[in-house]
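Some notes on the structure that comes next.
All values derive from a computational prediction rather than experimental measurement.
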Amino acid sequence: MIDNEQLFAQLTHEEGAVIEGGGGFLLIDQLQAINADADTFGDDDTYITVNGTQIWGANGFSTGQTSGVNRGLGVDFPARIELFDEDGGLNGSDDSLGGFTVNGATNGQAITRVSGSGSTYDVYYRVF
């Protein structure tokens, strides 16, 4: 016979998200430009999308610069975070600066490095 205490277990945030399904809250804390070189006319004009929707930017970035983003939203998993350099129609479509996918909650702040079009950025984020 199983007693009630055996029915409950300690779960991590990630395990809980898998069991519950659905999603969580994604918070992008900051960006750091390791190498901002996508824009041939000066600073990168960086913006962030989540699942194709722009949530921040465009903001000028030079190599070594760090900027607080402090933008968040509820997401369903998997959620795709992407960075772009806005070209404003000058050179065709905006340049991809890379991206990544989150599949569940993080244990505190996470850092992911993305690269594309000659630029490299560190993205600091949390998922609850």
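- Between the CD atom of Glu86 and the CG atom of Leu97 there is a distance of 11.5 Å, given to the nearest 0.5 Å.
- At least one side-chain heavy atom of Val127 sits less than 4.5 Å from a side-chain heavy atom of Thr106.
- Linking Ile, Leu, Val, Met, Phe, Trp and Tyr whenever their side-chain heavy atoms come within less than 4.5 Å puts Val123 and Leu73 in one cluster.
- In this structure the side chain of Arg71 never reaches within 4.5 angstrom of the side chain of Ile48, judged on heavy atoms.
- Taking both residues in full, the closest heavy atoms of Asp95 and Ser117 are given as CB-OG, 3.5 Å, listed atom of the first, atom of the second, then distance.
- Rounding to the nearest 0.5 Å gives a distance of 9.5 Å between CZ of Phe61 and CD of Gln32.
- Every residue two or more places apart in sequence or in another chain was checked for a side-chain hydrogen bond (donor to acceptor under 3.5 Å, both in side chains) with Gln54, and none qualifies.
- Residues meeting the ring-ring contact (aromatic ring centres under 6.0 Å, His included) test with Phe25, sequence neighbours left out: none.
- Considering only heavy atoms from C-beta on, Thr49 stays 4.5 Å or farther from Ile55 through its side chain.
- Nearest approach of Gln109 to Arg126, heavy atoms of both residues: CA-CG, 3.4 Å.
- Arg113 is linked by a salt bridge (Lys or Arg N to Asp or Glu O under 4.0 Å) to Asp122, counting only residues two or more places apart in sequence or in another chain.
- Among residues two or more places apart in sequence or in another chain, the ring-ring contact (aromatic ring centres under 6.0 Å, His included) test is passed with Tyr124 by none.
- To the nearest 0.5 Å, the span separating OH on Tyr125 from CD1 on Ile28 amounts to 8.5 Å.
- Judged by distance alone, the side chains of Asp94 and Tyr47 do bring a donor and an acceptor atom under 3.5 Å apart.
- Contact detail for Leu27 and Asn70: the closest heavy-atom pair is CD1-C, 4.1 Å.
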Handout entry: Full working for side-chain contact (heavy atoms from CB on, under 4.5 Å) between Thr46 and Tyr121
Key = CA-CA 10 Å; Thr46 306; Tyr121 285 80; 2.8 Å; yes
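- With Ser119 contributing its side chain and Asp37 its backbone, the two residues share a donor-acceptor pair below 3.5 Å.
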Handout entry: Working for side-chain contact (heavy atoms from CB on, under 4.5 Å), residues Val50 and Val75
Key = CA-CA 8 Å; Val50 176; Val75 295; 3.8 Å; yes
For residues 62-69, which side-chain donor-acceptor pairs fall under 3.5 Å, sequence neighbours excluded?
from	atom 1	to	atom 2	distance (Å)
Thr63	OG1	Ala36	N	3.0
Gln65	OE1	Ser62	N	3.1

For residues 78-85, which side-chain N or O atoms pair as donor and acceptor with protein atoms under 3.5 Å away, sequence neighbours left out?
from	atom 1	to	atom 2	distance (Å)
Arg80	NH1	Thr101	OG1	3.3
Asp85	OD1	Asp45	N	2.7

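- Between Phe128 and Leu26 the shortest side-chain heavy-atom distance does not fall below 4.5 Å.
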